[in-house]
Structure formats: structure tokens, C-alpha cells
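Here the structure comes first, spelled out in C-alpha cells, and everything after it is commentary.
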Amino acid sequence: MSAGALLSVRDLAVEFRTSEGVVHAVDHVSYDVGGGEVVGVVGESGCGKTVTALAVLGLIATPPGRIAAGEILFDGRDLLQASRRELQHLRGNEISMIFQDPQSSLNPVFTIGQQIVAVLRAHDRRLSNRAARARAVELLDKVGITDAPGRLHEYPHQWSGGMCQRAMIAMAIANRPRLLIADEPTTALDVTIQAQVLDVLREAQHDTGAAIVLITHDLGVVAEMAGRVVVMYAGGVVETGWVGDLFASPRHPYTLGLLASLPRLDAEVERLDPIAGQPPSLVRRPSGCAFHPRCRLRQGRDRCVDERPALGVKGVHRAACHFSHELSGETVSAGATGASGERAGIGR
Amino acid sequence: MTASPAGELAVEPAGGQGVRLGGEEVLRVEDLAVHFPIRSGLRRRQVGAVRAVDGVSFSLAAGETLGLVGESGCGKSTTALAIMGLVRASAGRILFRGEDILSCTRAQLRQIRRQVQIVFQDPQGSLNPRMTVERIVGEALEIHGLADRRAIRARVAELLGLVGLAPEHANRYPHQFSGGQLQRIGIARALALDPHVLVLDEPVSALDVSIQAQIVTLLQRLQEELGLAYLFISHDLSVVRHISDRVAVMYLGRIVEIGAASGVYGTPTHPYTQSLLSAVPVPDPAAVQRRTRILLQGDIPSPSAPPSGCRFRTRCWKAEDRCAEEVPDLVDRCACDQPSACHFAEVAGAR
């Protein structure tokens, strides 16, 4: 898969120096994103999913941050070696990002129209103001803002959270990027508005053919949007696979624990089965497998403490667990079948 | 290790399964309204009002959990604050075991408050950072003059054990705990006075999934052990289904549908409930194709100028002229013991 990948994060390590020690926020992470593919990156807070994305865009503040190892290949080019100028050109043209909180990602003292026009003209100096405004209207129209010409003059505080996020999506797709990184794009929104915005995102992807890296803590959003999933824990990737396979038969005890922790809307679950304990400190990562202090599969075995399990390279569905094979009988969702995952996640 | 087989088991009996009937009524809210004045001009004259809660009624029985769901601004948290006496109700009655909280004296209110306690959403923000856990959890006992220092210490240790913390945690400060542990402390504080009712205002919304499940399980265990009644407020429909016996769905200051959890989720009758449920992403990739989704148009209207008649009509696909003129009452139109505030309420069938 990596040969034709649009984005290939390889063995990436990102550290931050803090007063308490070095935080290993991203600890040798690898994943690929193919052209036009939707990849969901899931995990709980502090697992490194956002930092990985920021590294792709060259947005890690140095210091205190530092890329300690790895490569980030975009279309075969290593972004970590790229000059500032090259990165500047890439951002917004080839790769763009949608952040979690739309209201604070927009500048409160400029109108929505001014901000979209600024984005358009930053990437195309020859574009006239007038043409840029026309294009802004067209973009807002596309993301479902009604009466776009009339609303161009309004400020972000006059728009609701859902509308602001539509505006952010409009800016992100303005230059038809090949890769869209959406970091918790609907987390701040109400559920009916979330459904609208996910729809807009799906359509934008359909129109532009962009690949999407969808970062979220919401397994429901992943199940609906993604073709492939990357599960992160304590700075590392613990499992990856087609969305159908991964939800139907997780191969890592952490993924299984996450799914068993979820209250369900579509079924009655008598008791949830939470994972014991808390995620570890990234300053003092547990030895061996980072999940071993909370893992029920470990059953006192030393190997989990001594040896760090590798994710492997063979096949699509892979897990970083020494005893992964012992989980093969466990299924979480009776509704999902293994075969359903063989679809790619395009246009869903 | 596995969750119970989900997905296929979505069909369930329509009756009020799981509702604990016969429990004594501990809390009753009648026509509660909370209006916040909008003032303008030099003389701060009132020019309007935000009708945050506008005619809400429900009751809560001992040992029962009533889930209150809705999107932001629907008035669910304001309802909680009014019950706690933290905002002034503009109209209506809040009866705690028959006594009206709104018309009693301060001294009576103090007595009543011992029996209704609240747990807030943000555990970090709701615990005083300068106080030790012992003082935080024991403060209510001190205020109500219920115990001396030694007795407080013993009670705090007992409470910490009850919520899954260790006695030695009593001497630490809030910043030394994780979010999940802080919420356990918040729950211990609420339990200190042996209340009958806990108002839980988004108690797990700030927590990660694995920690959220720990707290939900803890709350269920405490309810069984102590016979508590919960008013569980959340925007997370999955959590509410999991923990509630009955559920009330709110929209723009009013309850639009109320009934047994299995009924509201299995056979919703109000268009808003139907669209809300269809909008929640379900963590089951195989179910994505099976589900039909109702996409609502537009945003929630402002509670300072709610639409006439039915408040949901501006986003509703069933709306007719009648909806603009006539406010639909919250009554059982489908003979399913599930009152619904819609002129055209009908069972949409189990999802």
C-alpha cells in the first residue's frame, strides 16, 4: 500500500520538553493514506492523534517540540526536509486542515467574506478581489450556506457553530487540496448539526476527490465516515484495518475495551465493561507494551512488560499485541461481518 | 470481555420494560418556567426575555433514573439549576416529597437541599483547587453541622471508598487527580449528606470513553446500593439510553416527548426525537447502510424569540398551518404511554 500512498507517515516520533521531563507525544507512528481515501484516526485525549497531524503540516512549535525521528512522505516528498517556502505552498493548496472549534479558528474582527477572500488570494495573487468574492459565494453555496451573497458581510459571532464549521470547510476545499486533515471537525457541534456537517464533508470529498484524515474520539463518526481506521494509544498505533473488520473483530485488547466501553444507541447493554485504570503518563511510558498495566489479556505474562510489540507490515488488519491471536474469537458487534470491510471508504 | 451482542438485538418490547414502578415519588416539577430578562438602554429597561425553560413538568420516583436529553440551549441545564435553587424559577412548582421548594422559607430550603445534590459537568472547575479532598467532601457536613472533625474524617474515608478511591487520597489537592478521579470526588461530595436525589448535569461529557464507562458503571452501582433517584442530564443519547429508566427529550425550553427509555428509543413518536436519534453516528459500520437518516434543515431558533405554536415547526418536515397557530400539548396520542408534543405524532417503528 505504501508505494502508491498519498501520505505516508513513517516511524514518526515527536517529543516535547516540559518541566516534568520529555513528553513522548508521538512514539514511532506509521500510517499511510491513499489518494481519495478516508482514514479515521481514533484514540482518547493525549494519544498523539492531533500531534501527528500537526507534524504533517509542519505546525509543531519548536521549541518546546521536536521531531525526533521519522519521515512524512507526501506524494513521495519528505515534508520534514521541505523548506518553509515549500511547506507554505503546500499548506492550503495541497493539504489543508479543519480544526475542532470553528468559532475560535475564525478571526472575530474580520467578516467571513474577507477571511475566505484572503485565503483565496493568498494562494493566487492574480485573482481580483471581485473574482475572489464570487468564488467565496460559490464555495459557501457548496457547503450549504443559504443566501451566501448576503451573509458574506457578517462576522463569525453572527454565525452559529455549525455555519462557522461550514465556512471552515469552504476555506479548506477552496484550492481543491489532495489531502484534508479534519481534527475533531464535529466534536463542538450538536448532534443534528453534526449530521449536517458530516454530510457537507462527505460531499466535499466527493467533489474534490481529496483524501481525508479524520481525527476523532467518536467511534460512531469513524464507523460512518471512514474506510480504514488507525487506533492510537499512548503515542503509538495499536491497531489498524478496514473499518468493518476492526469493529467486528478487533485484534487489540485496547480496541476491544474501547468498543465494550461504549453505551449503545441501537441496543440495550446491561452493563458496560470499562477498561480499568487510566492512560499512562507520556513522560514515563510503561515498558514493553504501553497498554500492559490496563490489559486483561496480559494475565501476568512478562513478555508484555519486556518486549514492545510491533504493528507488523503484512496485510491491512494489523495489531501491535503479542497475544493478538487469542482475541480472534471475540466479537463486539454481531451486526458487522468481516467481508463488509473490503470496500474502500470513498464517497460513503 | 465482550459487550452483549449488539446491532441485531435492537428490537425490543414496546412496553415500559425496565421501569421501576411503585417507587415513591421524590421529585415533581410542574409547569416550571425560567425566563432571563434581556435589558437594554441606559435605564436597563427589560425589552424581552430568554425563555430558557418554558413549561416543563415531570416526576421522579425513588430509585429511578430520568434522562433529560436535548441539544445545547434546550434548557436542560437550566432546569437542573432551577431544581437546585441556583437560578430563580419564574413560574411553576418544584415539589420535593410534596414540599414546594419555591415557596418555602430559607430554613426549610436548607433542610430540603440536604436531600437533593448535584454533580457538575466539569470536575476540574467544580472543585476548589485550594482545598484538600477531605475538606471538599466534608464541607457539606461541616456547613450543616452534622459531625465533628473526627466523624467527618471517618465519613470522608467511607465516601471515598464508596466511589472507588483510597482513604489516603483525602489529603491531596484536586490538581493531583485525573479527570475521572475528580469526577469520583465530585460524586463523593454529592453523597456526603445522604441525599435521595442526585441531579447529574452532564457528569461524563468531559471524560474519555474508557473513563466515562467507569463513571457510568459507578453511578449504576451507587444507585443500586443506596436507592438514589437520578435526574441524568446529557446531550449524549447513547449514554442516556444506557443509564435511564425513563427519558424526556427537550427542545427549546419544552419537553417534546417523555416515556420509558425503550419506548422513546425504540418507537419515537415526535419528529424531533426521530431526527435526533437518526443523527447519532452508531459505532457499527455494518449498520450504516441499514439506517435511514433524517437531516434537519437549519439551526435551533433563538429562545428569546421562539416560533409560535409548535417550537419545532421551523425545522419540521410535517409542519402545517395548524402547527404555527396551536401549541401541541404533551399528551399520549399513540396509546403507547409515551406523551408527545406533536399534533401529528405517530410511531415510526423500531430502528
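Below, read A as the first sequence line, B as the second, and so on, with proteins coming before strands; counting in each chain starts at 1.
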Show the nearest heavy-atom pair for residues [X] and [Y], with the distance to one decimal.
{"X": "B/Val239", "Y": "A/Pro263", "value": "CG2-CG, 3.6 Å"}
{"X": "A/Glu44", "Y": "B/Ile211", "value": "OE2-N, 4.3 Å"}
{"X": "B/Val282", "Y": "A/Glu224", "value": "N-OE2, 3.8 Å"}
{"X": "A/Arg271", "Y": "B/Glu224", "value": "NH2-OE2, 3.0 Å"}

Residue part contacting chain A, namely of [X], when any heavy atom lies under 4.5 Å:
{"X": "B/Val280", "value": "both"}
{"X": "B/Gln297", "value": "backbone"}
{"X": "B/Leu237", "value": "both"}

Can you tell if the side chain of [X] reaches within under 4.5 Å of the side chain of [Y], non-hydrogen atoms only?
{"X": "A/Ser261", "Y": "B/Gln214", "value": "no"}
{"X": "B/Asp284", "Y": "A/Phe247", "value": "no"}
{"X": "A/Asp266", "Y": "B/Arg291", "value": "no"}
{"X": "B/Pro281", "Y": "A/Gln194", "value": "yes"}

Q) Would you say B/Gln124 has more than 12 foreign heavy atoms packed within less than 6.0 Å of its CD? A) no
Q: Please indicate whether A/Glu20 has more than 12 foreign heavy atoms, meaning atoms of other residues, nucleotides or ligands, lying under 6.0 Å from its CD.
A: no
Q. Side chain, backbone, both or neither: which part of A/Val221 has a non-hydrogen atom closer than 4.5 Å to chain B?
A. both
(Q) Given A/Leu272, which partner from the list B/Ile215, B/Thr217, B/Val209 fulfils the side chain to side chain contact (heavy atoms under 4.5 Å, CB included) test? (A) B/Thr217
Q: Return yes if some donor-acceptor pair links the side-chain N/O of A/Gln196 with the main-chain N/O of B/Leu295 below 3.5 Å, else return no.
A: no
(Q) I'd like to know which of A/Thr192, A/Leu262, A/Thr146, A/Leu219 tops the heavy-atom pair count under 4.5 Å against chain B. (A) A/Thr192
Q | Heavy-atom pair count under 4.5 Å with chain B, highest-scoring of A/Ile193, A/Val222, A/Leu246 | A | A/Ile193
**Q.** Option in B/Ser72, B/Ser275, B/Ser238 with maximal non-hydrogen atom pairs under 4.5 Å from chain A
**A.** B/Ser238
**Q.** OH on B/Tyr265 to CZ on A/Arg264, rounded to 0.5 Å
**A.** 14.0 Å
